> 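The structure is given below, and queries will be raised subsequently.
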Number of protein chains: 2
Amino acid sequence: MDEKQGKTSKINLSEVARAAGVSKMTASRVLRGDGGYSKKTEAKVMAKADQLGYLPNRLASVFAGDQNSTFVGVSIPDLGNEVFAQVLEGIDRKLGSFGHQTVLGLTQHAAQEEENWIRTVLSWQPAGLILTGRSHSPRSHDMLRNAGIPVVEIWDLNSSPLDMSVGINHFDCGFDVGRFLIGRGYRALGFVGTSHDTANAASARLDGFTKAVQDGGGRVMKQLCLHDTASYYPGFYGTEQLLASDGAVECIFYQNDSMAFGGLQYCEQKGLDVPGDMGIAGWGDLAIASVLKKRMTSVHVSHLKLGQAAAEMMIARLSGEPVAACRDIGFHLIPGATVRPVVL
Amino acid sequence: MDEKQGKTSKINLSEVARAAGVSKMTASRVLRGDGGYSKKTEAKVMAKADQLGYLPNRLASVFAGDQNSTFVGVSIPDLGNEVFAQVLEGIDRKLGSFGHQTVLGLTQHAAQEEENWIRTVLSWQPAGLILTGRSHSPRSHDMLRNAGIPVVEIWDLNSSPLDMSVGINHFDCGFDVGRFLIGRGYRALGFVGTSHDTANAASARLDGFTKAVQDGGGRVMKQLCLHDTASYYPGFYGTEQLLASDGAVECIFYQNDSMAFGGLQYCEQKGLDVPGDMGIAGWGDLAIASVLKKRMTSVHVSHLKLGQAAAEMMIARLSGEPVAACRDIGFHLIPGATVRPVVL
DNA sequence: TTGAAAGCGATACCAA
DNA sequence: TTGGTATCGCTTTCAA
């Protein structure tokens, strides 16, 4: 049980070749399906490889071939936020179907964490990197430039990308929601989100939202929870705090549907009718929305598709196909029934 | 832009050594902090490495050093199920803090997917593997045995592990829930889950549940949705189907809280009072439970901790420390208010 | 404290 | 259709 596993037992190319009575090179060609060998040789080599349970050492082949690996480093802020879990799922499935592997990095929204992870993952000669967000440390920039591999920044399209970018314009998205709510007659608006990504997409949404609201003669009271992930409870708690500090708020826009649902629960438990006494708008059109009686006012974004698109751009680039630097996957507003109806 | 990135620009150990005026070996020792060199040499080498932006090629060093890499392959069924997202988060954070990297594999609950992924990931000489579930294909077993690296199977403790295992006993867990509901006077019980992992933990839970219910003189009507992930909507829809085929059911046990919440919504929308007309029990004590007015009857399991425990076992084993083959992280039942109260 | 040489497992390139 | 040899970037081993 506790034997130091000697590599002794591992079968390598030489042993397969020897067993099959051919040279290493011939065995290598057969195993890669390179062509240029007889059927008979092929059969012999394949049989022996199978019989010996040969597994190629990709470390060696990448190393020898002067290629990069099939790894793709993927950085994600956190998985407690359903949105990012979906993005990751989209990325990994697509990458997997093209023979690539995801090397995961959870950065906790911290540029320093990301930098450390980038340093490490680059040392494994990845084929490319997919990074969430556009704020990277200066050293990260240096390393990425130096590495000379494809980089896809996802999530926020605002950035002039390092290399490639896919996502949506969060400012516009927030703006649309703001204008929509102004159109429904709201003037005293609230925003509830988390504080950790002030430099990121959620805050771009907030900026766009604020702009539209102010343009429409309204005002925005914001509440950023210190909580670490944008989930149900911070939404619940943030709503309580917001209403405590500004009782006049008529409608709240949340960082995502999970937080919005937390807010909805808060209202219900306090006897506030939605949308009668309080309007609620979420973001992301998450899974939970599909079972609620009242359609949640939200913004639909296909996070799975976003992830897939990122993986596709990466793969296209790696195959040398031309790839647009930016891809907007779009969004659309879901009017829903958690805000008051159009006034006729 | 489209330049085939030649490796030309990449700085390697030789160049650092040359710039510092020492041999490759000396540079190597300094950069690894191996000891056995003068302060002056150290300073020189470090300065040059920094200045040239040297990043070691870990592929080469693993290869040369005849060690395994710092990769740990982690297979997860899917990330649409919040439970697994939490597990993954726990694993990756803990692994990361010990200088290991997660290579992700989403298996979609399919043994064949898992087998393919295992084959690929093993070819990268990972330090170890963490696999969700205990059902692996025969070939997977062969490969794992042959690889001679630590393997942690998570999730289901029932298994006699390949190597190490961490999780809970799902049969016991289901049994406890069954006995609890029998104790609350229910006899016509339902189970709503997904059909994809009949060979896995959720079905062990169902078996335990059924046993306890039958022991108590009750019966279980089960409904397994074909849906691919155990989330809100399958819970909603599964409830509808279950009640359509057996209107006598008084209380439903769900595969997890997300599904249970879907069921709760179904009941509310059909005017069924919970727990007056229908009892509901979930599993996992997921994030959503924290904002519901009525405490959900559920089973608390710390998924984050489960992930961390798996990573800890892996790391301990890799450091040569003795590790117990099995670790039970436990669970406890949350009585909640979505089932009828104790009859006095 | 330092360095030279061998070699890890595979592939590229050239020769037969 | 096959095989020999150099090589990738680094570490191990041994000698200085």
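We name chains A, B, ... by the order of the sequence lines, and we start the count at 1 in each one. On a predicted model such as this, the values are computed, not experimentally measured, just so you know.
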> What residue pairs, at least two apart or across chains, pass salt bridge (Lys or Arg N to Asp or Glu O under 4.0 Å) with a residue in residues 17-32 of chain B?
B:Arg32-B:Asp34
> CG of A:Asp34 versus P of D:dG3: gap in Å, rounded?
15 Å
> Could you check whether the rings of B:Phe63 and A:Phe63 sit parallel, tilted or perpendicular, using 30° and 60° as the cut-offs?
perpendicular
> Restricting to ring-ring contact (aromatic ring centres under 6.0 Å, His included), what partner residues turn up for A:Trp117, sequence neighbours left out?
none
> Which residues satisfy the side chain to side chain contact (heavy atoms under 4.5 Å, CB included) test with A:Gln112, sequence neighbours excluded?
A:Glu115, A:Asn116
> Expressed in angstrom and rounded to an integer, what is the separation of B:Arg18 atom CZ from C:dG3 atom C1'?
16 Å
> Nearest to the side chain of A:Phe63, which nucleotide is it out of D:dC8, C:dT11, C:dG7?
D:dC8
> It should be established whether B:Arg29 places a side-chain nitrogen or oxygen under 4.0 Å from OP1 or OP2 of nucleotide D:dT13.
no
> If you take any heavy atom closer than 4.0 Å to DNA chain C, which residues from residues 35-56 of chain A end up in contact?
A:Tyr54, A:Pro56
> Can you check side chain to side chain contact (heavy atoms under 4.5 Å, CB included) on B:Ile130 and B:Ile154, steps first, answer last?
CA-CA 7 Å; B:Ile130 296 177; B:Ile154 62 175; 3.8 Å; yes
> Looking at B:Lys10 and B:Glu15, is any side-chain nitrogen of the basic one under 4.0 Å from a carboxylate oxygen of the acidic one?
no
> Go through the structure and list residues passing side chain to side chain contact (heavy atoms under 4.5 Å, CB included) with A:Asp328, not counting sequence neighbours.
A:Leu157, A:Ile168
> From CG of A:Asn12 over to P of C:dT11, roughly how many Å is that when rounded to an integer?
12 Å
> D:dT11 C1' sits how many Å from A:Leu59 CG, rounded?
14 Å
> Expressed as a whole number of angstroms, how long is the span from A:Lys10:NZ to C:dA10:P?
11 Å
> If the threshold is 4.0 Å, N to carboxylate O, is there a salt bridge linking A:Arg145 and A:Asp142?
yes
> Output yes when at least one side-chain N/O atom of B:Ser28 is less than 4.0 Å from OP1 or OP2 of D:dT11, else no.
yes
> So, is A:Arg32 close to the C:dT11 phosphate, meaning a side-chain N or O under 4.0 Å from OP1 or OP2?
yes
> Which residues within residues 19-27 of chain B lie with some heavy atom under 4.0 Å of an atom in DNA chain D?
B:Lys24, B:Met25
> Do NZ/NE/NH1/NH2 and the carboxylate oxygens of A:Glu89 and A:Arg93 come within less than 4.0 Å?
yes
